[in-house]
Structures are given as C-alpha cells and as structure tokens.
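Nothing fancy with the numbering, it's 1 onward along the sequence.
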Amino acid sequence: MTAPARLSLNQATIKYANLADALRLTAAAGIEAIGVWREPVAEVGLAEATRMVADSGLRVSSLCRGGFFTLREGAERRAAIDENRRAIEETAALAAAGAPGSAAVLVLVAGGLPEGSTDLVGARGRVGDALAELEPEARAAGVTLAIEALHPMYAADRAVVSTLGQALDLAEPFPAESVGVVVDTFHIWWDPQVLEQIARAGAAGRIASYQVCDFLTPIPADALLGRGMMGDGHIDFASLTAAVEATGYAGDIEVEIFNADIWAADPEEVVARTVRAFERSIPLRSVPV
C-alpha cells in the first residue's frame with residue numbers, strides 16, 4: 001500500500017493499539033511516519049521501544065506529551081519538571097531510532113489552572129518559567145519543545161495557552177531550534193488571527209509540528225473527544241495547510257484524533273480511513289525535507 005509521503009499517524013488515533021500493533025499497522029498502510037505517545041512506550045520500556053521503532057523503518061514525527069507544569073512551586077511542580085526531563089530523554093532516543101527524517105519534537109500541553117485558582121496570568125507565567133528551566137536540557141539533547149495551544153474550552157483544566165499567538169509569545173525568548181510550536185487545526189481553526197500567527201511562526205522558524213483533524217458538532221459530553229476525520233466537520237484545511245506550507249514547513253503532518261467511536265473501531269480500518277481522508281482533505285505542494 002502507498003500513502004501520502006508526509007502523512008504521519010499519531011498513535012492517539014488508534015488509542016487502544018499497543019506500540020507493536022501501531023507500528024505494524026502504520027507501516028502496512030504505507031504510512032512512513034508515526035507520532036508516538038509516552039504511555040505505550042512506558043509499557044514496553046524505552047530500550048525495547050527504540051528497538052521496535054528502529055525495526056519498523058518508520059520516521060518518528062513527535063513524542064506526546066510533556067508539559068502540565070502550571071502548578072505553584074513545591075513538590076508536585078518539581079515532580080512535573082523531572083517528568084519532563086525524562087520525556088526529553090525519551091524524545092531524543094526515539095528520534096535517533098527512527099528512520100532518516102525523524103524529528104526530536106516533544107509536544108507540550110501546558111496544563112490548566114491549579115485547583116482553586118482563577119489566576120490565569122500567573123499560570124501562564126509558570127509555563128514560561130518551566131520552559132526557561134527545561135530549554136537548556138532540551139537544547140543539549142537536540143530536542144525541540146513544541147508548545148501546543150489548545151482550544152479555549154480547555155483553558156481551565158488542560159491548557160492555559162489558548163492561541164497560537166500566546167504559544168509564540170512563550171517561545172520567543174528561546175532559540176527556535178529548542179522551543180517551537182504545534183499548529184493543530186482542531187485547536188486554532190476558529191482564531192481570527194490564525195493565518196497571521198501561522199505566518200509569524202513560520203518567519204521565526206518555530207513550526208515544530210503540524211497536526212490535523214476536524215472539529216465536530218455537537219460537541220460530546222466529554223469535550224476532549226470532539227475530534228473527527230478530516231472532512232467530517234467544520235475546518236477549512238485548504239487555507240490552513242496553504243498557510244503552513246507558505247512558511248516553508250515541509251515536515252510530517254500528523255493526524256491526531258480523540259474520538260470514542262473511532263477508538264472503538266477496527267484499528268486497521270481506522271488507519272485506512274485516515275489515509276483516504278488525508279488524501280481527500282489535505283492539499284500538499286511540497287515533499288518531505
């Protein structure tokens with residue numbers, strides 16, 4: 001089978017497949033890259049995971065995820081920072097094990113408001129503090145910390161970084177090679193400034209990952225699971241993809257979907273459906289770098 005050369009299957013799209021099955025299904029579909037999650041890596045251990053990735057022949061497009069460091073200073077925040085240090089090490093190892101063109105990109109979800117807090121500004125400030133602490137270690141490991149802005153409906157519990165512009169503001173104090181941003185269509189499609197901010201990200205060389213999926217309505221009771229296959233919802237992928245490509249970004253494009261019905265389906269069929277939806281909805285001009 002063949003698939004678009006820049007398509008990467010984020011492992012979350014087939015959530016219940018273990019790492020071995022995810023690698024096998026991705027390769028069997030002709031997809032050349034995979035976005036890996038830390039939990040399946042932990043199930044087999046990093047040494048075994050890197051061996052499996054190397055044997056698969058796939059590129060690694062990212063590792064999900066780090067972050068969740070909006071807590072006030074104390075033991076829990078120290079534990080979160082240390083967990084991100086481990087994630088940096090894992091990112092470097094998996095990228096090194098992947099096929100040529102793999103990206104040492106650690107996706108960061110900032111974290112929500114600490115329990116009982118309404119201090120959104122203070123929480124965002126602590127994200128910047130965490131980046132300042134972790135950036136030297138990421139740079140030394142050759143890893144890019146990729147800040148992912150999440151849709152504002154997640155600001156309280158998952159990510160106090162809600163726009164691409166906010167993510168770029170946090171990234172700007174650091175070298176582009178070590179701190180970048182994720183452009184995720186689900187989270188940023190609604191933003192009136194999105195095209196301007198994509199251009200800003202590209203001009204600074206900070207687009208570390210481009211992730212795609214659609215925004216479905218009605219939003220399910222668990223708002224986290226409102227993602228759909230490209231073409232099934234409301235997002236204009238042509239304009240967003242054109243804006244990303246205009247910046248010169250020619251890396252892998254991950255399909256990352258959180259959806260209960262898709263997770264419950266046969267993962268082999270989900271992978272095949274992903275290829276079809278990508279071919280139909282994501283217009284590409286450039287080839288991988």
Would a hydrophobic clustering, with Ile, Leu, Val, Met, Phe, Trp and Tyr connected at side-chain separations under 4.5 Å, put I207 with L164?
-> yes
Between E48 and R51, does at least one N-O distance fall below 4.0 Å, as a salt bridge requires?
-> yes
Between N10 and T13, does any side-chain donor sit less than 3.5 Å from a side-chain acceptor?
-> no
With rounding to the nearest 0.5 Å, note down the distance linking OG in S61 to CD in E254.
-> 3.5 Å
Could you walk me through whether V212 and I253 pass side chain to side chain contact (heavy atoms under 4.5 Å, CB included), step by step?
-> CA-CA 7 Å; V212 298; I253 301 173; 3.9 Å; yes
Could you tell me whether a side-chain N or O of N84 sits under 3.5 Å from a main-chain N or O of G67, the two making a donor and an acceptor?
-> yes
Counting only N and O atoms by type, is there a donor-acceptor contact under 3.5 Å from the side chain of R206 to the main-chain atoms of L168?
-> no
Exercise: do E177 and T144 side chains pair donor with acceptor under 3.5 Å | no
Tell me the ring pair (Phe, Tyr, Trp, His ring centres under 6.0 Å) pairs involving residues 84-111, sequence neighbours left out?
-> none
Start with the C-alpha gap between T163 and Q193, add the side-chain angles, then the distance that decides, and say whether side chain to side chain donor-acceptor pair (under 3.5 Å) holds.
-> CA-CA 9 Å; T163 69; Q193 294 186 327; over 6 Å; no
Give a yes or no on whether the backbone of H234 and the side-chain of D214 come within a donor-acceptor separation of less than 3.5 Å.
-> yes
Can you check side chain to side chain contact (heavy atoms under 4.5 Å, CB included) on R38 and E83, steps first, answer last?
-> CA-CA 11 Å; R38 294 189 68 208; E83 189 61 34; 2.7 Å; yes
For S162 and A155, work out which heavy atoms get closest and say how close.
-> OG-CB, 3.9 Å
Do L131 and I147 have side-chain heavy atoms sitting under 4.5 Å apart?
-> yes
Heavy atoms of A110 and V161 approach each other most closely as CB-CG2, 3.8 Å
Give, for atom CD of E269 and atom OG1 of T274, the distance between the pair rounded to the nearest 0.5 Å.
-> 9.0 Å
Counting only N and O atoms by type, is there a donor-acceptor contact under 3.5 Å from the side chain of S117 to the main-chain atoms of D119?
-> yes
If two hydrophobic side chains count as joined below 4.5 Å and joins carry through other members, does V160 share a cluster with V181?
-> no
Might you work through the side chain to side chain contact (heavy atoms under 4.5 Å, CB included) test for V53 and L58, ending with a clear yes or no?
-> CA-CA 7 Å; V53 166; L58 297 172; 5.9 Å; no
Check residues 257-268 and write down every donor-acceptor pair under 3.5 Å in which the side-chain atom is one partner and the other belongs to a residue at least two apart or another chain.
unit_1, atom_1, unit_2, atom_2, d
N259, OD1, D261, N, 2.9
N259, OD1, I262, N, 3.1
N259, ND2, R227, O, 2.8
W263, NE1, A12, O, 2.7
W263, NE1, I257, O, 3.3
D266, OD1, E268, N, 3.1

Check whether Y249 and V183 end up in the same hydrophobic cluster, where Ile, Leu, Val, Met, Phe, Trp and Tyr are linked by side-chain heavy atoms less than 4.5 Å apart.
-> yes
Point-to-point distance, once rounded to the nearest 0.5 Å, from CD1 of I81 to CZ of R86 | 11.5 Å
Residue set satisfying ring-ring contact (aromatic ring centres under 6.0 Å, His included) with F237, at least two apart, ordered chain then number -> none
Less than 4.5 Å apart, any side-chain heavy atom of E135 and any of P175?
-> yes
Where A99 and G57 come nearest, the two heavy atoms and their spacing = CB-O, 3.4 Å
Rounded distance [0.5 Å steps], CD in Q166 versus CG in D191 | 9.0 Å
Hey, any chance I198 and L150 share a hydrophobic cluster, counting ILVMFWY side chains that come within less than 4.5 Å of each other, even indirectly?
-> yes
Charged N to carboxylate O below 4.0 Å: is that the case for E39 and R65?
-> no
Single-linkage hydrophobic cluster L46~L63, side-chain heavy atoms < 4.5 angstrom | yes
Can you name the ring-ring contact (aromatic ring centres under 6.0 Å, His included) partners of F174, sequence neighbours left out?
-> none
pair E148-L108: side-chain heavy atoms closer than 4.5 Å | no
Validation row: I88, L106 side chains within 4.5 angstrom (heavy atoms) = yes
Audit row: L134, L145, side chain to side chain contact (heavy atoms under 4.5 Å, CB included) steps and yes/no | CA-CA 9 Å; L134 292 166; L145 303 174; 4.2 Å; yes
Polar side chain donor-acceptor pair, T241 to Y210, under 3.5 angstrom | yes
Test item: V194 and W189 side chains (from C-beta on) under 4.5 Å apart, heavy atoms = no
Nearest heavy atoms of A123 and L113, plus distance in Å = CB-CD2, 4.1 Å
In this structure, which one of T26, L19, D21 forms a side chain to side chain contact (heavy atoms under 4.5 Å, CB included) with L23?
-> L19
Taking every non-hydrogen atom, the tightest pair across A29 and V271 | CB-CG1, 3.4 Å
Residue pairs fulfilling ring pair (Phe, Tyr, Trp, His ring centres under 6.0 Å) with at least one residue in residues 141-168, sequence neighbours excluded | H151-W190, H151-F215, Y154-H187
Are the side chains of T185 and Q211 in touch, meaning some heavy atoms are under 4.5 Å apart?
-> no
Nearest heavy-atom pair of M229 and A277: which atoms, and what distance?
-> SD-CB, 4.1 Å
For the residue pair I14 and L9, establish whether any side-chain heavy-atom pair is separated by less than 4.5 Å.
-> yes
Indicate every side-chain donor-acceptor pair of residues 73-80 with a distance under 3.5 Å to a residue at least two apart or in another chain.
unit_1, atom_1, unit_2, atom_2, d
E73, OE1, R78, NH2, 3.4
E73, OE2, R78, NE, 2.9
R77, NH1, F69, O, 2.6
R77, NH1, L71, O, 3.1
R77, NH2, R126, O, 3.0
R78, NH1, E133, OE2, 2.6
R78, NH2, E133, OE1, 3.1

Quick one: are R124 and D169 in side-chain contact, heavy atoms under 4.5 Å?
-> no
